[in-house]
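Okay, so here's the structure we're looking at.
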Amino acid sequence: MSTEARSNFLKTQIQSDLDGGQVEQLVTRFPPEPNGFLHLGHAKSITVNFELARRFGGRCHLRFDDTNPEKESQVFIEAIQEDVRWLGYQWDGEVRYASSYFQQLYDWALCLIDQGLAYVCDLTAEEAREYRGSLTQPGKDSPFRSRSVAENRELFEGMRAGQFSEGSRVLRAKIDMASPNINLRDPILYRIRMAHHHQTGGQWPIYPTYDFAHGQEDAIEGVTHSICTLEFEDHRPLYDWFIEHLPVPHRPRQFEFARLNTSYTVTSKRKLKALVDSGAVAGWDDPRMPTLAGLRRRGYPPAAIRHFCEEVGTSRSDSTVDVAMLESAVRNELNDSAPRAMAVLNPLRLTLTNVPEAEQLSVANHPNNEAMGSRPVPFTSELFIDAADFREEANKKYKRLVPGKRVRLRGAYVIEADRCDHDASGAVTRVYARIIEGTLGADPEDGIKARGVIHWVSAEAGVRAEVRCYDRLFNDPNPGKNDDVMSALNPDSLRVIGDAVLEPSLVEAAPEQVYQFEREGYFVADRFDHSAERPVFNMTIGLRDTWSAANA
RNA sequence: UGGGGUGUCGCCAAGUGGCAAGGCAGCGGGUUUUGAUCCCGCCAUUCGCAGGUUCGAAUCCUGCCACCCCAGCCA
């Protein structure tokens, strides 16, 4: 069954709301706080919201939930927009900001005060914690709970006017200090913050909390289905309480799904930051990072990430998806989209003793897609092959080059190896072989077939390049389980090859273009470091390998 | 130990009283000028456990167990 056809609780809910006429047009939103870079977990939320809107003919907003100026910045606002677009989505209309609703939110706070449903509380943070009670014990009423409407209004207006110091007072909802749901024990609506806000500058000395802001933001925008993660489930009664008691123009509903967890991956901002700060990775966009910027630099196609999020499904049960599923989506996408090319990562010189002249060969860019055309590849007497593709002695299972045996040079001739040179330590330094005449595009006439196919690059025309080979960042399938992520690091997550040799066509690669280096894997021209003068490729992912593991 | 959730294959996940989908991983075979791709086949007599209702239960009822979330003036 296609992922499009597979049902989930959100699709079922939305379909029913549409069918029953409760909702005319679906409106969702992706509401990041601009306080960090987007990662795989956000990709899931983005995909859920945008795909639902697409599927049901609705719209999806991008709204920055910017209610805490001290942690946020314009840098993230721009980076987030770029990442959402890169993933392949375009939000409906302009980018929206919670901060542009601050006046409305303030007016609604006054509305609550006037109804006797909110009050200014002078308890310190520590006192408030004590009054809140515990999981098993009810809280007790704040001594400021019974202030008059007039006094509350005056005090709150004073807060807004900047008359009080940070932390000295808050505005709280008057709900129930004995509620078994701690979120209902007179939650804070507004706090005083003398901070410069990236959007509103110095306009506001008070800022609404998530709880007071979010549902009302949804109501203002006409969001019908406000989709968030499971940890907000306990907040839903509060979300509904505000909508119930305020003259909002629309009644949104909140639905929660299980956030995406992926094996061998961390997505906690704190842990990601630790990786960057410690130098374990080169930055937030290091190709090993699960940030969208990192995945992008690694060469993961946005479509692969979208498909992965869809294939994983959307449910309410906590789970950890095997990262192999992501890798499968990446290979699946790249197998179709990546042109093939040849590059030798571990060069070994091969001399063809019966090739007098250079020749220009034409090699297909994709074995199963003629539309991708072909390219010229220079064939010369001096080549490089991969050192792993030659052995002086080997059993029958080894389908590569061995003295006295034949192998096909990909897109070129069948060759037979004769001998090799060694260095002082006995390592092979050069292999001598002959081409078998008449084997360009044909099998040998003598009926002795090649045992396998290997890739190669002309030693004369080939171009030296840096190739960065990446492996999983962590050895531990659950690196986030303890506080110390460093102990779970894979020490071999990056191997830089300085002297790889590329076929000349690769020099023209545009940054971010992904190729399949035949028989090796998928490699992307680095977004920032690659140039024709100094080619740099990052390994996106290796080809599926059912042989080396079983024959190690 | 209060409240809110979740348990279906190694990992995800559909299934809403009538024969337990699909993907990933794995295994076997075929094609192949990439040990890739592609193709074919195998992979849950059983749905956290125990009772009960019913002609019939993963689906309904009762009890139990396990795991996750909540005591920020973060989101």
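Just so we're on the same page: letters track the sequence lines, and every chain starts at 1. In this text, all values refer to a predicted model and were calculated from it rather than measured experimentally.
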Practice problem: If B/C67 has a Watson-Crick or G-U wobble mate with both distances under 3.5 Å, name it; if not, just say none. | Solution: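 B/G5 is the nucleotide pairing with B/C67.
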Quiz prompt | For B/C55, the Watson-Crick or wobble partner whose two distances fall under 3.5 Å | solution = B/G18
With a 4.0 Å cut-off on heavy atoms, is [X] in touch with a base, just the backbone sugar-phosphate, or nothing at all?
X	value
A/Ala125	base
A/Phe232	base
A/Asp443	nothing
A/Ser134	base
A/Arg129	sugar-phosphate
A/Ser2	nothing
A/Arg400	base

What's the [atom1]-[atom2] distance between [X] and [N], to the nearest Å?
X	N	atom1	atom2	answer
A/Leu345	B/U34	CG	C1'	14 Å
A/Asn332	B/A36	CG	C1'	13 Å
A/Glu231	B/C74	CD	P	17 Å
A/Arg331	B/A36	CZ	C1'	10 Å
A/His235	B/A71	NE2	C1'	11 Å
A/Asn35	B/C74	CG	P	12 Å
A/Arg6	B/A13	CZ	P	9 Å
A/Glu333	B/C24	CD	P	15 Å

Self-check item: Ring centre gap for A/Phe523 and A/Tyr515 strictly below 6.0 Å
Solution: no
Quiz item: Is the A/Tyr119-A/Phe156 ring centre distance short of 6.0 angstrom?
Solution: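 Ring centroids of A/Tyr119 and A/Phe156 are no less than 6.0 Å from each other.
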Quiz item: Among B/A75, B/G2, B/G23, which is the nearest nucleotide to the side chain of A/Glu311?
Solution: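 When the side chain of A/Glu311 is considered, B/G23 is the closest of B/A75, B/G2, B/G23.
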Self-check item: Per A/Ser319 side chain, nearest of listed nucleotides B/C74, B/G2, B/A13
Solution: B/A13
Is a donor-acceptor pair below 3.5 Å formed from side chain [X] to base [N], judging by atom type as modelled?
X	N	answer
A/Arg236	B/G4	no
A/Glu520	B/U34	no
A/Arg519	B/U34	no
A/Asp234	B/G3	yes

Phosphate OP1/OP2 of [N]: any [X] side-chain N/O under 4.0 Å:
X	N	value
A/Arg451	B/U33	no
A/Arg191	B/C74	yes
A/Thr67	B/A75	yes
A/Arg132	B/C73	yes
A/Arg410	B/A36	no

Quiz prompt | Donor-acceptor contact below 3.5 Å, side chain A/His61 vs main chain A/Arg96 | solution =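 The answer is no, because no donor-acceptor pair under 3.5 Å joins these two groups.
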Quiz item: Does a salt bridge link A/Lys140 with A/Glu130, judged by any charged N lying under 4.0 Å from a carboxylate O?
Solution: no
Self-check item: Pair A/Arg29 + A/Glu217: basic N to acidic O under 4.0 Å
Solution: no
Quiz item: Taking the nucleotide of RNA chain B with the closest heavy atom to each, which residue, A/Pro32 or A/Glu518, is nearer the 5' end?
Solution: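 The residue whose closest nucleotide sits nearer the 5' end is A/Glu518.
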Quiz item: Using the purine O4'-C1'-N9-C4 or pyrimidine O4'-C1'-N1-C2 torsion, is B/G7 syn (within 90° of 0) or anti?
Solution: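 Anti conformation here, the glycosidic angle of B/G7 being more than 90° from 0.
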Quiz prompt | salt bridge (charged side-chain N to carboxylate O under 4.0 Å, His left out), paired with A/Glu416, selected from A/Arg434, A/Lys405, A/Arg408 | solution =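 Of A/Arg434, A/Lys405, A/Arg408, salt bridge (charged side-chain N to carboxylate O under 4.0 Å, His left out) with A/Glu416 is met by A/Arg434 alone.
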Self-check item: Passing option when A/Asp218 is tested against A/His225, A/Arg253, A/Arg63 for side-chain hydrogen bond (donor to acceptor under 3.5 Å, both in side chains)
Solution: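 With A/Asp218 as partner, side-chain hydrogen bond (donor to acceptor under 3.5 Å, both in side chains) holds for just one option, A/Arg63.
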